[in-house]
Amino acid sequence: MLSNQIIDWYLQYKRDLPWRNTSDPYKIWISEIMLQQTRVATATDYFNRFLNQFPTVSDLAMADEREVLKLWQGLGYYSRARNLHATAKIIHTDYNGVFPNTYKDILKLKGIGTYTAAAISSFAFNLPYAALDGNVFRVLSRVYSIDKPIDTGEGKKFFQELATETMGNARPEIYNQAIIEFGALQCTPRTPNCVTCPIQANCLAFGNGQVDQLPLKSKQIKTKNRYFYYLFLSCENRFIIEKREGKDIWKNMYQYPLIESDKAISTKKLLQTSKWKELFENKELVIQSICENVVHKLSHQNLHTTIIHINTDIDQLKEIKPYQIIDSSEIENYPFPKPIENHINATFENIP
DNA sequence: AATACGTGGCC
DNA sequence: TGGCCAAGTAT
């Protein structure tokens, strides 16, 4: 039986990961959120730091969102951190600090969809819900040679039923971890290790020679270009930041004052924008340097960033209103997106 | 249903 | 080296 073969493989080859060997739903929840669209190697250090700072769901509930985002800095998909924090508050108040223990209640929580609800339900409570993530899609599509696209509603429904069937009466807690780990280590996206695969004889795609063409995806992402002009306004170790609001990327994170354009513009044109005038009208300024056009690639957009460094005197900084001045010693208190983090690191590397 | 949401690694 | 991919979810 397929489920038993995969479990046997798992018992022999599984990795010892920080979130394994526990049935604490809090730890499992944190790990699952961090692992969404994120590699194990990247998530591991974040997981350890996070659990160290917030050992229980109530510790997390009591924190400021800014602190949570700071711990998440660099991990990406920051709505995960915001939802994690909001959900911790719900569990702390509505559930008296005790993690809900039914699939239905778990699925209601912000940031938890069908995959994560099944993962927590099975890993923590051994409930029989088949976890369907990218690994499981890949393994099932190959073993059964399914050429339905996995990124459509119909495809997801089909694979969810197939996953449930394949799990059968296997122990949910171990089976779900096993097939996910099998996908991550053995049945990998590129160059899967079919030579040593224990289920090679049962794999239809291997028989067809179609392993490298599965799973099938129908959609392709299109990227757009945006042009970011950051104003690094500094005076010795102090500089100006603003908080990002709204529904755009990096919500509730901090950055240098930003002038955005949908196309590249000259420094001369920047001088004519309303934001520039708002910041500098009637003030003296000297552009010290310009770091031009570093392209930061996100999944759906290319950000062409230019950082304009301007030295200003302290009195002038104080007059600029919706922005705040921070000292380099306060950097640890504010979450920054990668482009800003990179510039801060390069600028303040020699300053204690 | 289609799209937005980050970042880093890989070939 | 640019495009694809990695333990998805919300809208």
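Below, chain A is the first sequence line, B the second, and so on; all start at residue 1.
Rounding to the nearest 0.5 angstrom, the gap separating the OH atom in Tyr334(A) from the CE atom in Met253(A) is 14.0 Å.
Comparing atom distances between the Tyr115(A) side chain and each of dT9(C), dC5(B), dT7(B) picks out dT9(C) as nearest.
Close placement of the Tyr256(A) and His343(A) rings is indicated, their centers lying within 6.0 Å of each other. Taking the centre of each ring, Phe348(A) and Phe239(A) come in below the 6.0 Å mark. Between Phe159(A) and Phe137(A), the distance from one ring center to the other falls under 6.0 angstrom.
Comparing Gln301(A) and Gly153(A) along DNA chain B, the residue whose closest nucleotide (by nearest heavy atom) sits nearer the 5' end is Gly153(A). Sequence order on DNA chain C of the closest nucleotides to Thr188(A) and Leu107(A) puts Thr188(A) first from the 5' end. Toward the 5' end of DNA chain B, the nearer of the two residues Leu75(A) and Lys222(A), judged by each one's closest nucleotide, is Lys222(A).
Distance noted for atom P between dT11(C) and dG6(B): 14 Å (whole Å).
A salt bridge is absent between Asp16(A) and Arg20(A); no separation between the charged side-chain nitrogens and carboxylate oxygens falls under 4.0 Å. A salt bridge between Lys70(A) and Glu65(A) is absent, with no side-chain N of the basic residue lying under 4.0 Å from a carboxylate O of the acidic one. For Arg142(A) and Asp212(A), the salt-bridge test fails: no basic side-chain N is under 4.0 Å from an acidic carboxylate O.
Put simply, Gln37(A) has a side-chain N or O that comes within less than 4.0 Å of OP1 or OP2 on dG8(C). One finds no side-chain N or O of Trp72(A) lying less than 4.0 angstrom from the OP1 or OP2 phosphate oxygen of dC5(B).
Listed by residue number, the members of residues 9-30 of chain A with any heavy atom below 4.0 angstrom from DNA chain C are Arg15(A), Leu17(A), Trp19(A), Arg20(A).
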- Worked check of salt bridge (Lys or Arg N to Asp or Glu O under 4.0 Å) between Glu181(A) and Arg15(A): CA-CA 8 Å; Glu181(A) 187 79 334; Arg15(A) 291 166 292 183; 2.7 Å; yes
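For the pair Phe47(A) CZ and dA7(C) P, the interatomic distance rounds to 18 Å; values are reported in whole Å.
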Where do N or O atoms of nucleotides 8-11 of chain B meet protein N or O atoms at under 3.5 Å, pair by pair?
{"from": "dG8(B)", "atom 1": "OP1", "to": "Lys338(A)", "atom 2": "NZ", "distance (Å)": "3.1"}
{"from": "dG8(B)", "atom 1": "N2", "to": "Arg39(A)", "atom 2": "NH1", "distance (Å)": "2.4"}

